[in-house]
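Below is one structure; the comments refer to it alone.
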Amino acid sequence: YYVNIQKTQFCSWKDLLKEFKYFPGMSYFKILVPTTDTVKYTFLLDLLIKAQYNVLYLGETGVGKSVIVQDFLSHDHEELLNKYMNFSAKTTANNLQDLLETLQKKGRGKIGPPSGKKMVFFIDDVNMPQLDRFGSQPPCELLRQAIDQGGFYDLKKLDIKYITSSCFVAACAPPGGGRNEVSPRLFRQFNMFWIPNLSERSMETIFSSILKGFLESSPKPAGLELFSGPIVRASVEIYTKIIKELLPTPAKSHYTFNLRDLSKVIQGILGINYEYLTDKNILVKLWLHETFRVFRDRLVNDKDTDWFNDQVSEKLKEYLQMEWEEQYKDILFAHYHTEEETYEEIQDENAMLNTLSSKLEQYNADEPGAKMNLVFFKDAIGHLARISRIIHQQRGNALLVGPGGSGRQSMARMASYMARFQTFGIKISKDYREKEFHEDIATLLKKVGVED
């Protein structure tokens with residue numbers, strides 16, 4: 001509940017909920033489904049920022065800290081301006097000072113936003129900077145100084161610049177996994193809120209709203225939106241079972257699942273064209289494929305894989321009234337087996353092999369200096385489908401792990417070529433250092449940002 005000043009009474013957060021509308025073509029990562037939690041934290045953020053207080057959101061990875069803040073700042077506020085910075089292990093104090101110095105001069109020794117405006121600095125992953133040899137984090141110390149003393153020192157004139165009409169919003173996850181403990185001297189400057197993990201009910205509300213909106217937006221509705229609820233409930237139960245049963249061990253250190261994995265299942269379903277989503281059977285196959293790609297592909301042995309298949313089989317029967325079939329184990333959706341490059345199920349293996357052989361011939365003709373002789377056996381086709389799926393997705397990044405000579409580089413180059421992407425590789429040598437890495441990154445950024 002919150003206090004409604006006008007009515008002078010306690011009112012439910014549900015009263016502030018707005019109806020969710022799905023917009024086809026909208027970036028998946030900009031979709032925010034209103035829940036009582038998001039409404040509550042947005043309300044408090046609005047209240048504190050307008051009163052010129054600093055805010056810190058804490059919570060586990062994937063609970064929506066950054067999304068809540070970015071959604072609030074993206075709305076039109078007459079008097080609010082904002083600037084965003086994402087801290088990383090390599091962020092320096094100079095990087096933060098460059099951001100702060102973008103403020104306008106407001107007289108002798110003062111800087112700030114334009115007259116009549118307030119500036120909000122959003123610092124994401126504020127606990128990521130690595131410790132220096134003295135055990136401090138220079139960017140965090142500069143941020144503390146800017147808040148505590150109201151300004152920072154000019155590195156050339158050595159006089160202080162006071163910041164006016166500005167406040168800071170920060171977000172971070174608990175220490176661990178590259179994140180460090182931050183000095184209490186910094187965090188005491190903020191009003192801190194812990195954002196808990198979503199309840200199963202909230203997860204179902206969010207993802208079923210997105211999936212239902214996607215299915216209802218089809219030009220030729222087939223009534224498939226009725227299955228959005230059962231599919232999401234099954235996905236949520238599989239996810240909660242996985243995080244309880246498949247815990248990380250020294251041999252399985254990558255068994256770290258979070259809400260982003262569950263979100264990727266829904267994101268994958270949204271990747272299909274409406275014209276190929278004609279009946280329940282295709283929708284269920286697509287859902288099975290996405291759960292396999294997101295969760296099962298990370299499992300390292302047959303025991304874990306069989307356990308996962310059993311869980312999916314149970315939910316398939318319980319929520320969708322369908323029996324498990326052996327053919328579901330090897331189901332594959334891909335972009336590369338048709339000329340239109342649409343995301344659909346691979347059914348005709350012979351036609352697919354012909355397409356792959358043709359693409360390989362084209363690649364060898366276009367890249368005479370890097371010819372490849374590939375045999376498209378079952379595992380190779382599966383790896384191509386997985387890489388192709390990832391690079392076609394927004395924010396799609398893949399880490400390919402395997403012994404030398406297993407085809408990681410060949411599969412990546414082939415999948416990229418079929419997606420009409422250019423590949424850029426780094427050649428590691430014994431003399432390769434950070435300087436060379438920066439030069440390669442500069443070459444890549446010029447290539448994608450200037451030349452193309």
Side-chain angles (χ1 to χ4, degrees), residues 27-32 34 37-104 111-114 116-129 137-148 150-152 161 163-175 178-180 182-183 186-195 259-260 395:
S27 167
Y28 181 77
F29 294 95
K30 291 185 179 179
I31 298 175
L32 180 65
D37 286 334
T38 60
V39 166
K40 175 170 52 180
Y41 293 118
T42 302
F43 177 88
L44 294 170
L45 182 65
D46 180 46
L47 206 63
L48 288 164
I49 284 179
K50 287 180 178 176
Q52 290 288 97
Y53 286 103
N54 304 309
V55 183
L56 172 65
Y57 279 156
L58 297 150
E60 298 289 348
T61 302
V63 296
K65 304 180 294 295
S66 304
V67 173
I68 291 172
V69 178
Q70 288 172 345
D71 180 71
F72 170 77
L73 296 176
S74 67
H75 292 147
D76 291 330
H77 301 282
E78 290 185 4
E79 58 177 18
L80 288 184
L81 301 175
N82 66 85
K83 290 186 180 294
Y84 169 75
M85 184 173 187
N86 202 134
F87 276 9
S88 69
K90 293 295 184 181
T91 300
T92 65
N94 286 339
N95 299 141
L96 178 59
Q97 185 148 346
D98 289 342
L99 178 72
L100 298 176
E101 288 184 342
T102 58
L103 294 169
Q104 296 181 1
I111 57 174
K117 301 289 185 180
K118 295 179 181 178
M119 178 64 72
V120 179
F121 290 98
F122 176 37
I123 312 295
D124 204 0
D125 292 325
V126 72
N127 58 350
M128 283 295 287
Q137 296 166 288
C140 295
E141 293 303 321
L142 178 61
L143 179 59
R144 180 199 58 77
Q145 184 188 52
I147 298 172
D148 197 11
F152 56 94
K161 290 182 178 180
I163 301 173
T164 63
S165 303
S166 300
C167 64
F168 294 85
V169 179
C172 68
R179 296 178 291 269
N180 303 294
V182 177
S183 168
L186 171 60
F187 279 178
R188 74 181 178 86
Q189 309 289 342
F190 292 88
N191 292 274
M192 291 187 283
F193 296 96
W194 175 266
I195 300 182
L259 273 173
R260 286 179 183 161
R395 298 189 188 178

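With hydrogens and angles disregarded, a donor-acceptor distance shorter than 3.5 Å links the side chain of Thr42 to the backbone of Thr38. The main-chain N or O of Asp71 is never found under 3.5 Å from a side-chain atom of Lys30 such that the two would form a donor-acceptor pair. A donor-acceptor pair under 3.5 Å links the side-chain atoms of Tyr57 to the main chain of Tyr41, judged by distance alone. Between the side chain of Asp98 and the backbone N or O of Asn95 there is no donor-acceptor pair closer than 3.5 Å. Checked by atom type and distance alone, the side chain of Lys117 pairs as donor or acceptor with a backbone atom of Glu78 at under 3.5 Å. Although no hydrogens or angles enter the test, the distance criterion places no donor-acceptor pair under 3.5 Å between the side chain of Lys118 and the main chain of Gln52. The backbone N or O of Asn127 sits nowhere less than 3.5 Å from a side-chain atom of Arg179 that would complete a donor-acceptor pair. Within the 3.5 Å criterion, the main-chain N or O of Ser88 finds a donor-acceptor partner in the side chain of Thr91.
Taking the six-membered ring for Trp and thresholds of 30 and 60 degrees, Phe121 and Phe168 have nearly parallel ring planes, at less than 30 degrees apart.
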Run the numbers on Val55 and Val69 for side chain to side chain contact (heavy atoms under 4.5 Å, CB included), then give the verdict.
CA-CA 10 Å; Val55 183; Val69 178; over 6 Å; no
Could you walk me through whether Leu96 and Ile123 satisfy the side chain to side chain contact (heavy atoms under 4.5 Å, CB included) test, starting with their C-alpha distance in whole Å, then the side-chain angles of each, then the deciding distance to 0.1 Å, before giving a yes or no?
CA-CA 10 Å; Leu96 178 59; Ile123 312 295; 4.3 Å; yes
Mind running side chain to side chain contact (heavy atoms under 4.5 Å, CB included) on Tyr84 and Gln70 for me, showing each step along the way?
CA-CA 9 Å; Tyr84 169 75; Gln70 288 172 345; 3.6 Å; yes
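At least one side-chain heavy atom of Ile49 sits under 4.5 Å from a side-chain heavy atom of Val169. The closest side-chain heavy-atom distance from Phe193 to Ile68 is not below 4.5 Å.
Rounding to the nearest 0.5 angstrom, the gap separating the CE atom in Met192 from the SG atom in Cys172 is 9.5 Å. Here the straight-line distance linking atom SG of Cys140 with atom CG of Leu186 works out to 5.5 Å at 0.5 Å rounding. One finds the OG atom of Ser166 at 7.5 Å from the CD1 atom of Ile111 (value rounded to the nearest 0.5 Å). The distance from atom CG of Asn191 to atom CG of Leu44, rounded to the nearest 0.5 Å, is 10.0 Å. Note that NZ of Lys83 and OG1 of Thr102 are 4.0 Å apart. Values are rounded to the nearest 0.5 Å. In this structure, the separation between CG on Leu80 and NE2 on His75 is 13.0 Å, given to the nearest 0.5 Å.
Taking each heavy atom of Pro174 and Gly59 in turn, the nearest pair found is CD-O, 3.5 Å. Of all the heavy atoms in Leu56 and Phe190, the pair that sits closest is CB-CB, 3.6 Å. Taking all atoms of both residues into account, the shortest heavy-atom contact from Ala171 to Phe122 is CB-CE1, 4.0 Å. What you find for Pro113 and Ser165 is that their closest heavy atoms are CG-O, 3.5 Å.
Under the side-chain contact (heavy atoms from CB on, under 4.5 Å) rule, Asn54 has a single partner from Ile147, Val120, Leu143, which is Ile147. Paired with Ser183 under the rule side-chain contact (heavy atoms from CB on, under 4.5 Å), one option of Gln137, Glu141, Arg144 passes, and it is Glu141.
Counting heavy atoms of neighbouring residues, nucleotides and ligands inside a 6.0 Å radius, atom OH of Tyr53 does not exceed 12 of them.
Partners of Asp125 under the side-chain contact (heavy atoms from CB on, under 4.5 Å) rule, at least two apart in sequence or in another chain, are Asn86, Met128.
Here Lys161 pairs with Glu101 in a salt bridge; the nearest charged N to carboxylate O distance falls below 4.0 Å.
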